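Given the structure is predicted, the values throughout are model-derived calculations rather than measurements. Letters go in sequence order (proteins before strands), and every chain restarts at 1.
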There are 2 protein chains.
Amino acid sequence: MRVTLRDVAERAGVSIMTVSNVINGNRARVSPETIERVQRIAAELGYVPSASARSLSARSSRLIGLLVPAADEDSLMISPHNVAMVGQIERELRRLGYHLLLRGIANQREVTEALQSWSLDGAILLGFLDEQVDGLTAKTVGSVHVLAIDSYSTNPLTIGPRSDDFTGARLATRHLLDLGHRRIVFAGPAFTGVGVVHERFEGYRQAHADVGATWDGQFIETVNTTHADGRELGLGLLDRHPEATAVFATADVLAIGIMRGLAESGVRVPDDVSVVGFDDLDLCEYAVPRLTTVSQDITAKAATAVRMLIDSIENGARPSEPVTITVSLVKRESTAPAPHQ
Amino acid sequence: MRVTLRDVAERAGVSIMTVSNVINGNRARVSPETIERVQRIAAELGYVPSASARSLSARSSRLIGLLVPAADEDSLMISPHNVAMVGQIERELRRLGYHLLLRGIANQREVTEALQSWSLDGAILLGFLDEQVDGLTAKTVGSVHVLAIDSYSTNPLTIGPRSDDFTGARLATRHLLDLGHRRIVFAGPAFTGVGVVHERFEGYRQAHADVGATWDGQFIETVNTTHADGRELGLGLLDRHPEATAVFATADVLAIGIMRGLAESGVRVPDDVSVVGFDDLDLCEYAVPRLTTVSQDITAKAATAVRMLIDSIENGARPSEPVTITVSLVKRESTAPAPHQ
DNA sequence: CCATTAAGGTTTAGCGCTATACTTCGGATG
DNA sequence: CATCCGAAGTATAGCGCTAAACCTTAATGG
């Protein structure tokens with residue numbers, strides 16, 4: 001059936017442990033000739049170590065869980081922005097010799113099960129709400145190292161990297177202000193006093209303060225971050241806010257929906273109204289006009305997440321505070337100087 | 001540390017095997033009261049079975065690998081169309097009590113390693129080229145059940161579901177022909193006598209035959225399926241094919257790129273030229289004009305793939321021929337009757 | 001010349017689980 | 001009354017691997 005250490009050992013006329021040492025590069029205890037012979041025979045026989053046996057014996061699985069929210073019986077809820085992340089995370093883990101278990105999580109209980117069952121060395125939470133991250137306790141995670149991406153939860157167990165939402169929004173809004181816009185609509189989902197959207201709102205507000213402009217609460221539009229809801233908003237935007245000349249949306253798909261709504265109601269982008277998004281999806285290049293947006297360095301975020309996690313696993317280096325990934329503004333065609341009223 | 005069967009057994013005053021039987025629902029051999037007691041204590045102690053120990057002992061891991069091509073040191077190559085698939089596959093597997101190991105594959109050798117290392121029960125190949133699928137032999141896959149999605153490889157080891165590319169292309173082309181178009185450009189990557197693109201080309205050709213129209217080899221445009229290449233093509237399209245009134249592109253991003261190129265060179269879509277894509281990404285709804293395209297039922301494809309694989313694992317039901325997933329044409333705004341010349 | 005050390009191994013004891021065979025005991029059967 | 005049987009367990013033997021302790025042999029040093 002399966003080629004085991006024993007098979008290789010017998011064929012090579014040495015003990016199982018010697019083979020194990022060779023396979024694991026524990027060369028100090030084996031002579032060069034033996035190493036060579038064992039390696040040759042292992043290759044000949046097509047020996048592949050059994051990961052389950054290894055993790056059982058060594059109580060380290062080199063397995064990392066990528067936990068993603070999923071309503072029961074429902075598909076994974078990976079936002080377009082997070083999709084690119086899972087590929088990057090897998091690559092980074094593979095580079096470091098770890099494997100990725102992708103797992104949808106329907107409820108708190110499943111977290112424990114997911115973490116313990118495969119004796120994961122670590123896990124990354126992607127796309128969970130801050131409240132859900134808050135809910136994790138030492139008991140639920142056990143000895144597994146856990147880290148949440150893009151979370152503003154203060155749970156010390158889950159500290160991970162997040163994008164600099166505040167600066168991103170500040171940059172975007174400042175860009176609009178610099179172009180002469182003074183009535184800028186903030187479009188995003190409902191938010192509380194903490195979290196991604198709150199940060200972006202604070203950035204929006206700070207940008208106004210930076211240039212001594214006033215901002216008006218009436219320009220805050222609460223809307224789901226979908227294309228359809230964006231279009232809806234765009235359609236009636238100038239009816240509700242006749243003086244508005246720009247929109248900062250907290251997500252690209254939302255921004256693109258808004259652009260469509262505006263276009264359909266005869267408003268030209270960027271001539272009449274400028275629009276800025278957030279995320280820098282591929283989509284932005286495809287949109288007409290191409291969308292100005294805030295770019296997050298996904299590769300850096302993924303790499304940082306993985307490195308923080310592995311560092312914590314291998315060196316016990318538990319991070320004490322979140323790492324902020326810098327963002328940048330990508331100027332494209334959806335923004336232009338404010339029209340003269 | 002970890003709560004094991006032994007812990008539960010000791011606390012319940014029974015043998016390890018009895019607990020094991022209870023946990024695995026092997027109730028025939030245990031009295032109702034014992035079942036109740038063991039279950040209560042297991043819950044109290046927060047017992048979670050060790051998957052590695054299980055798979056080592058039972059030589060069945062309930063682990064399925066999702067193998068995706070990835071250049072060495074490079075991120076996973078998941079096409080936008082396949083992205084949705086991984087979520088669906090994970091859901092389906094989770095429903096059936098399996099777990100998903102996501103793994104990038106840089107070369108043939110890694111396939112064996114990926115399959116054997118975790119003693120996978122099965123694996124799904126997503127996005128591999130037909131040649132790569134052809135290359136898998138009984139030796140490389142061992143006793144692991146393998147299945148390739150969207151492959152036209154004739155390798156009997158990997159038979160899986162694929163979309164009905166032929167019919168999709170035929171539908172799309174027929175739609176254009178029915179609108180009166182007679183000079184329809186076929187835009188897609190280079191292809192040989194077998195594979196996805198070839199099937200779509202055959203569908204394109206068949207549609208012409210269906211209505212007694214002739215098709216012309218000069219209308220075949222070989223182009224990478226990227227937005228940028230599409231735009232390039234769109235820019236010069238009417239220079240190269242002044243009589244063309246429609247384009248069938250083998251992918252949505254390509255189609256959307258073409259639409260942009262056409263728009264930039266002053267050609268109106270759909271008034272002057274109609275465009276049809278393939279895949280039905282979310283993107284199509286966002287494009288301006290919204291893209292008419294061929295829709296693949298991703299949920300069905302994922303569910304079919306998982307069911308075929310699990311069926312093969314649990315009942316040894318090796319499929320003898322590929323399953324074809326039906327496709328449909330989604331008419332949106334990028335197609336219109338052919339203009340009068 | 002004996003103790004020490006280093007190199008190059010081997011042996012032992014599990015990791016947590018499951019499959020299989022075995023035990024025990026209170027009835028039902030011939 | 002001896003036998004058989006089913007219900008409800010238990011004991012044993014691994015799955016493939018690793019950590020840690022143990023063993024040889026030959027060279028070194030005081």
Short N-O contact, A:Arg2 and A:Asp7, less than 4.0 angstrom | no

OP1, OP2 of C:dT18 versus side-chain N and O of B:Arg54: anything below 4.0 Å?
-> yes

Do any side-chain nitrogens or oxygens of A:Asn24 fall under 4.0 Å of OP1 or OP2 in D:dT18?
-> yes

Could you tell me whether the side chains of A:Ser153 and A:Asp134 share a donor-acceptor contact shorter than 3.5 Å?
-> yes

Hey, are A:Asp164 and A:Thr324 close enough side-chain-wise for a donor-acceptor pair under 3.5 Å?
-> no

Can A:Arg94 and A:Glu90 be counted as an ion pair, charged N to O under 4.0 angstrom?
-> yes

Should B:Thr18 be listed as having a side-chain N or O under 4.0 Å from OP1 or OP2 of D:dA8?
-> no

d(CZ, A:Arg6; P, C:dT12) in whole Å | 13 Å

Give a yes/no on whether any side-chain N or O of B:Ser20 is located under 4.0 angstrom from OP1 or OP2 of C:dC17.
-> no

Atom CG of B:Asn26 and atom C1' of C:dT18: how far apart are they, to the nearest Å?
-> 10 Å

For A:Leu56 and for B:Ile35, find the nucleotide of DNA chain D with the closest heavy atom, then tell me which residue's nucleotide is more 5'.
-> B:Ile35

Looking at A:Glu44 and A:Arg40, does any basic side-chain N land under 4.0 Å from a carboxylate oxygen?
-> yes

For B:Arg59 and C:dG16, what is the distance between atoms CZ and C1' respectively, to the nearest whole Å?
-> 14 Å

Nearest-nucleotide pick for B:Met17, side chain only, options being C:dT20, D:dG9, C:dT10 = C:dT20

For C:dA7, does either OP1 or OP2 sit under 4.0 Å from a side-chain N or O belonging to A:Ser31?
-> no

Nucleotide of D:dG16, D:dT10, C:dA19 approaching A:Arg2 most closely (side-chain heavy atoms) | D:dG16

C:dC15 OP1/OP2 closer than 4.0 Å to side-chain N/O of A:Ser57 | no

Check the distance between C:dT10's C1' and A:Leu5's CG and give it to me in whole angstrom.
-> 14 Å

In whole angstrom, what separates A:Trp118's CH2 from C:dG16's C1'?
-> 13 Å

Counting only side-chain N and O atoms of A:Thr34, is one of them less than 4.0 Å from OP1 or OP2 of C:dG9?
-> yes

In whole angstrom, what separates A:Asn21's CG from C:dA7's P?
-> 14 Å

Nucleotide nearest A:Ala53 when distance is taken to its side chain, options C:dT18, C:dT10, D:dC17 | D:dC17

